[in-house]
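What follows is a set of notes on a single structure, which appears directly below.
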Amino acid sequence: MVVENMRMLRLMEENRDTTMVDEDDETKTIKKVLNEGLIEPIKLVVGFALTSKKRKSFLQPKFEGLARLKGIVFVAIDQDKPLSEQGPFDIVLHKLSGKDWQQVLEDYRQTHPEVTVLDPPDAIKHLHNRQSMLQVVADLNLSDTYGNVNVPQQLVIKKDASSIALKVAKERLRLPLVAKPLVSDGSAKSHELSLAYDQYSLQKLEPPLVLQEFVNHGGVLFKVFIVGEAIKVVRRFSLPNVSKRQLSRTSGVYRFPRVSCAVASADDADLDPDVAGKDSK
Ligand SMILES: Nc1ncnc2c1ncn2[C@@H]1O[C@H](COP(=O)(O)OP(=O)(O)OP(=O)(O)O)[C@@H](O)[C@H]1O
Ligand SMILES: O=P(O)(O)O[C@H]1[C@H](O)[C@@H](O)[C@H](OP(=O)(O)O)[C@@H](OP(=O)(O)O)[C@H]1O
């Protein structure tokens, strides 16, 4: 048992980025427990294929350690070697884009039906494009049902920035508009959003993109995470409302950073309970 745990520890060390070796007390405790053989035997091997950015944000040493205590280990997939020659895995966890990788996964699913691929390329392809991503929600037709789920008015611009103003006028989209890259592939570029205040500045945008009417939402939003039966809701700070007055006085295109990421948590903020419902338009 101790030998197996030491082997596992080595595996975890080998699979870790050199940028991730900052050890806190909890990590040291986990290592001590591992060394002393006090933990569960390995029940599940998860092969992962992630970008180095994702590996750093998701596979943090503490998380890996806690998973190991529950008998789950994470092993890096070497993309330069055939997937079938690696493992054996119980689960393949991935977040990589590209047709070649999708084909590798599809082939692997055929030859290894016993392995759970999270998620199969076919099941997540609509999330790689912001138009199809939102279409799924629009198709659910949830407005005026039990709650009220609406989708912002939006327009896809594939090319030709000079034609945007005309298209926007034709579709009667109201300014300001949020411009989002059409492709959503996890790259930094795909997260670069901007806000266009006036018609003239629309030509400065860079297609392919999705234009959405800006929806005032009181500067906070809720993110809902669902895994199986588990549901977690977090509150995050977001873009503040844009008033009519502000709109009439502002022009141009403004890039905005990752406003509602994890560091923008508003879970503990003391907010006016009505704030998310106010509309200053
Ligand atoms: N139509 C909209 N009206 C008002 N604000 C918006 C709108 N769309 C997006 N935002 C703001 O932009 C932020 C990011 O938008 P979005 O979630 O579409 O992009 P993302 O890159 O996928 O973000 P994330 O990385 O947080 O998942 C939101 O948190 C919200 O603050
Ligand atoms: O931390 P939350 O609020 O869950 O937001 C996530 C986004 O929803 C994801 O889209 C980001 O992943 P990608 O950068 O791979 O798209 C993801 O990027 P990260 O894994 O680098 O943190 C997060 O920004």
Side-chain angles (χ1 to χ4, degrees), residues 17 19-20 48-60 63-64 74 93-98 101 118-119 124-138 149-156 168 171 173-197 205 208-227 230-243 246-247 250 253-267 269 271 275-281:
D17 269 349
T19 49
M20 295 172 59
F48 67 86
L50 303 170
T51 59
S52 56
K53 165 192 166 263
K54 184 64 67 190
R55 187 171 171 175
K56 212 168 156 187
S57 66
F58 170 71
L59 263 189
Q60 298 191 358
F63 173 73
E64 254 186 297
F74 289 88
L93 179 71
H94 73 104
K95 193 162 183 193
L96 295 176
S97 50
W101 172 248
L118 278 179
D119 289 308
I124 51 171
K125 62 173 189 261
H126 56 278
L127 295 174
H128 292 151
N129 174 306
R130 283 197 161 91
Q131 183 183 24
S132 48
M133 188 194 291
L134 208 57
Q135 196 54 48
V136 178
V137 186
V149 180
N150 290 310
V151 172
Q153 287 294 335
Q154 70 172 16
L155 174 65
V156 176
V168 163
E171 294 295 321
L173 287 194
R174 285 186 308 168
L175 293 156
L177 294 174
V178 183
K180 310 181 181 188
L182 183 60
V183 173
S184 140
D185 58 2
S187 62
K189 185 135 187 71
S190 70
H191 288 291
E192 282 174 4
L193 272 55
S194 42
L195 199 49
Y197 280 88
L205 296 170
L209 47 83
V210 170
L211 291 175
Q212 271 177 14
E213 284 188 347
F214 183 88
V215 180
N216 278 342
H217 54 283
V220 284
L221 56 75
F222 297 87
K223 285 197 174 191
V224 183
F225 301 86
I226 304 174
V227 179
I231 302 176
K232 169 92 179 154
V233 181
V234 296
R235 191 169 65 174
R236 300 272 171 84
F237 285 111
S238 178
L239 293 175
N241 287 351
V242 178
S243 65
Q246 196 183 345
L247 179 61
T250 318
V253 171
Y254 294 83
R255 284 215 170 151
F256 58 90
R258 311 272 305 262
V259 271
S260 306
C261 55
V263 286
S265 172
D267 280 340
L271 297 171
V275 78
K278 279 188 185 151
D279 188 337
S280 61
K281 262 191 174 175

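We count residues from 1, following the sequence as given. Note that ligands are numbered from 1 as they come in the structure, with each ligand's atoms numbered from 1 the same way.
For Q153, the CD atom counts as loosely surrounded, since its 6.0 Å shell holds 12 or fewer non-hydrogen atoms of other residues, nucleotides or ligands.
Protein heavy atoms are absent from the 4.0 Å sphere centred on atom 17 (O) of ligand 1. The presence of a protein heavy atom under 4.0 Å from atom 22 (O) of ligand 1 is confirmed.
The part of L193 lying near ligand 1 is the side chain, judged by heavy-atom distances below 4.0 Å. Looking at K223 against ligand 1, only its side chain comes within 4.0 Å, counting heavy atoms. By the criterion of a heavy-atom distance under 4.0 Å, the side chain of F225, and not its backbone, is placed next to ligand 2.
If you number the atoms of ligand 2 from 1 as listed, the ones under 4.0 Å from a heavy atom of R236 come out as 2 (P), 3 (O). Heavy-atom contacts of R258 reach the following atoms of ligand 2: 11 (C), 18 (O), 23 (C), 24 (O) (cutoff under 4.0 Å). If you number the atoms of ligand 1 from 1 as listed, the ones under 4.0 Å from a heavy atom of V259 come out as 13 (C), 31 (O). Proximity to E213 (heavy-atom distance under 4.0 Å) selects the following atoms of ligand 1: 1 (N), 2 (C), 3 (N). Shown in contact with S260 at under 4.0 Å from a heavy atom are these atoms of ligand 1, numbered in order with element: 28 (C), 29 (O), 31 (O). Proximity to R130 (heavy-atom distance under 4.0 Å) selects the following atoms of ligand 1: 19 (O), 20 (P), 21 (O), 22 (O). Remark: ligand 2 atoms within the under-4.0 Å shell around heavy atoms of G186 are 13 (P), 14 (O), 15 (O), 16 (O). Proximity to R258 (heavy-atom distance under 4.0 Å) selects the following atoms of ligand 1: 25 (O). Near F256, with a cut-off below 4.0 Å to any heavy atom, the atoms of ligand 1 are 12 (O). For ligand 2, the atoms closer than 4.0 angstrom to any heavy atom of H191 are 10 (O), 13 (P), 14 (O), 16 (O). Below 4.0 Å from some heavy atom of K95 lie the following atoms of ligand 2, by number and element: 12 (O), 13 (P), 15 (O), 16 (O). Heavy-atom proximity to L221, at under 4.0 Å, picks out these atoms of ligand 1: 28 (C), 29 (O), 30 (C), 31 (O). Atoms of ligand 1 found under 4.0 Å from any heavy atom of V215 (numbered from 1 in listed order, with element): 2 (C), 3 (N), 4 (C).
In the candidate list L239, N241, V242, L239 is nearest to atom 11 (C) of ligand 1, counting heavy atoms.
Distances from ligand 2 to the non-hydrogen atoms of K56 include no value under 4.0 Å. Residue contacts with ligand 1 include H217, since one or more of its heavy atoms lies under 4.0 Å from the ligand. Every heavy atom of Q154 sits 4.0 Å or more from the atoms of ligand 1.
Checking side-chain atoms of R130 against main-chain N and O of P181 turns up a donor-acceptor pair under 3.5 Å. Remark: the backbone N or O of Y254 is not paired with any side-chain donor or acceptor of S194 at under 3.5 angstrom. Distance alone, capped at 3.5 Å, places no donor-acceptor pair between the T51 side chain and the K95 backbone. In terms of modelled atom types and a separation under 3.5 Å, the side chain of E213 and the main chain of R174 share a donor-acceptor contact. Looking only at distances, a side-chain donor or acceptor of R235 sits under 3.5 Å from a matching main-chain atom of A266.
A pairwise comparison of heavy atoms in L50 and L96 identifies C-CD2, 3.8 Å as the closest pair. Closest non-hydrogen pair, N241 versus G218, comes out as OD1-N, 2.7 Å. Of all heavy-atom pairs spanning Q131 and N129, the tightest one is N-OD1, 2.7 Å. In terms of heavy-atom proximity, V259 sits nearest to L239 at CG1-CD2, 3.7 Å. P152 and Q212 get closest at one heavy-atom pair: CG-OE1, 3.8 Å.
Closest protein heavy atom to atom 21 (O) of ligand 2: K53 NZ, 3.1 Å. Nearest protein heavy-atom neighbour of atom 9 (C) of ligand 1: K180 NZ, 3.2 Å. Ranking protein heavy atoms by distance to atom 30 (C) of ligand 1, first place goes to S238 OG, 3.4 Å. Distance from atom 2 (C) of ligand 1 to its nearest protein heavy atom, with residue and atom name: V178 CG2, 3.7 Å. Atom 12 (O) of ligand 2 has K54 NZ, 2.8 Å as its closest protein atom, hydrogens excluded (heavy atom only). Residue, atom and distance of the protein heavy atom nearest to atom 8 (O) of ligand 2 are K223 NZ, 4.0 Å.
Residues that satisfy the salt bridge (Lys or Arg N to Asp or Glu O under 4.0 Å) test with K53, not counting sequence neighbours, are absent from this structure. Residues that satisfy the ring-ring contact (aromatic ring centres under 6.0 Å, His included) test with F63, not counting sequence neighbours, are F58, F74.
Under the 3.5 Å distance criterion, with hydrogens and angles disregarded, no donor-acceptor pair is assigned to the side chains of H128 and S97.
Distances between N or O atoms of S190 and those of ligand 1 include no value under 3.5 Å.
For the pair S184/L127, no side-chain contact is recorded, criterion being any heavy-atom separation below 4.5 Å from C-beta on. Side-chain contact between I124 and H94 is present, with at least one heavy-atom pair separated by less than 4.5 Å.
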For this session: Evaluate side-chain contact (heavy atoms from CB on, under 4.5 Å) for E171 paired with L211, printing each intermediate quantity in order.
Result: CA-CA 11 Å; E171 294 295 321; L211 291 175; over 6 Å; no
